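Here's the structure, in structure tokens; my notes come after.
Values below: every heavy atom of this structure, side chains too, minus hydrogens, waters and symmetry copies. Since the model is a prediction, treat every value here as computed from it, not as a measurement.
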Amino acid sequence: MAPTAVGLAARDSSGHLSPFAISRRSTGDDDVAIKILHEIAGVVTEVGKNVTRFKAGDRVGVGCMVNSCRSCESCNNGLENHCPEVVFTYNSVDKDGAVTYGGYSSMVVVHERFVVMFPEVMPLDAGASLLCAGITVYTPMKYHGLNTPGKHVGVLGLGGLGHVAVKFARAFGMKVTVISTSPGKKREALERLGADAFVVSSSAEEMEAARSTMDGVINTVSANTPMAPYLALLKPNGKMILVGLPENPLEVPPFSLVHGNRTLAGSNIGGMADTQEMIELAAKHGVTADIEVIGADYVNTAMERLAKGEVRYRFVIDVGNTLHAAAAAE
């Protein structure tokens, strides 16, 4: 009999989350069953007969993907995130025809290829967000040469992605400058996160002083902003990598790219080998997401606060201790 998990789901366009019974598949030969303690990190409860990397009791996590074709060129190169048949963790349809309901639930069953082993020193709560935010910024830094000690990287936007990018830049031994519209974040960027410099993007003087000084910029901003002022921060042959997703098309004057041989690129999470590599490097250097742990009964309030930007910098649900109680109270 397929297991049933206690979950939280939005049933209509209001987005209000409420308890929901989720049917998970039985543990197949290549699957790992996980008791979720934080979304999505927890403890292995059962493994299929073909599973070799995990055993019951292991501390593990699941990121943005739970399956792919596992045989195309991208998959063979460890880039499952680029597979044409990638199955995302949230609201996709898996190979067995079941909807993937995400991690707001008490348990999940995932093909072993898409499970990440947590190092012992990595806390499950502060590490869970790295499986999304961490790999989102780690991958472009790795593949675009922005992980080289001594190079100068700018981090545009200091939020859920940006604060993790700052921490990885420091772990790589890079000089890091935070670029933000919020002067009030300067002290936090410099003193708590350890950035080397802070540029207020609305200050013409500060932007001019930073012109042509950066080897790369990790752009985490999802608001629509003109690209030219930020491209001007790049040195010749510098790269701006988009990981934020503005709603409207970008404003990119061609001369902003042609002048200085600058590159504008995008990056979408990362493959499973890179995700495991990322979590191990994070554990080695003490990189975690800054989180606020909340109970399952607080999620709708958290969503309201998130829309207002009232979190520094990630909410993480204490699924293991609060989800069943929240469901029973409904």
One should read off an interatomic distance between L250 CG and T225 OG1, to the nearest 0.5 angstrom, of 8.0 Å
Looking only at heavy atoms, the pair that brings N76 and S71 closest together is ND2-O, 3.1 Å
Please report whether the ring centroid of F20 lies less than 6.0 Å from that of Y101. yes
Residues 81-97 vs salt bridge (Lys or Arg N to Asp or Glu O under 4.0 Å), sequence neighbours excluded, gives R25-D94, R25-D96, E85-K95
With a cut-off of 3.5 Å and sequence neighbours excluded, list every side-chain donor-acceptor pair involving residues 106-115.
unit_1: S106; atom_1: OG; unit_2: V6; atom_2: N; d: 3.0
unit_1: H111; atom_1: ND1; unit_2: R113; atom_2: N; d: 3.0
unit_1: R113; atom_1: NE; unit_2: E80; atom_2: OE2; d: 2.8
unit_1: R113; atom_1: NH2; unit_2: C75; atom_2: O; d: 2.7
unit_1: R113; atom_1: NH2; unit_2: E80; atom_2: OE2; d: 3.0

With sequence neighbours left out, the residues meeting ring-ring contact (aromatic ring centres under 6.0 Å, His included) with H259 are F255
Hits for ring-ring contact (aromatic ring centres under 6.0 Å, His included) against F54, two or more places apart or cross-chain, chain-then-number order -> none
Here the salt bridge (Lys or Arg N to Asp or Glu O under 4.0 Å) pairs for residues 155-180, sequence neighbours left out, are K167-D290
Those residues at least two apart in sequence (or on a different chain) that pass side chain to side chain contact (heavy atoms under 4.5 Å, CB included) with V221 are L156, N219, A223
Listed pairs under 3.5 Å, donor-acceptor, residues 123-141 side chains, sequence neighbours left out:
unit_1: T136; atom_1: OG1; unit_2: C132; atom_2: O; d: 2.7
unit_1: Y138; atom_1: OH; unit_2: E277; atom_2: OE2; d: 2.5
unit_1: T139; atom_1: OG1; unit_2: I135; atom_2: O; d: 3.0
unit_1: T139; atom_1: OG1; unit_2: I269; atom_2: O; d: 2.9

Here the salt bridge (Lys or Arg N to Asp or Glu O under 4.0 Å) pairs for residues 248-275, sequence neighbours left out, are K142-D274
Could you pull out all donor-acceptor pairs under 3.5 Å where a side-chain atom in residues 291-299 meets a protein atom, sequence neighbours excluded?
unit_1: E292; atom_1: OE1; unit_2: R305; atom_2: NH2; d: 2.9
unit_1: E292; atom_1: OE2; unit_2: R305; atom_2: NH1; d: 2.8
unit_1: Y298; atom_1: OH; unit_2: R305; atom_2: NH1; d: 3.0

For residues 207-227, the salt bridge (Lys or Arg N to Asp or Glu O under 4.0 Å) pairs (sequence neighbours left out) are E208-R211, D215-K235
Sequence neighbours excluded, the answer for ring-ring contact (aromatic ring centres under 6.0 Å, His included) partners of Y313 is H163
Value for CZ (F198) from CD1 (I179), rounded to nearest 0.5 Å, stands at 9.5 Å
Those residues at least two apart in sequence (or on a different chain) that pass ring-ring contact (aromatic ring centres under 6.0 Å, His included) with H38 are none
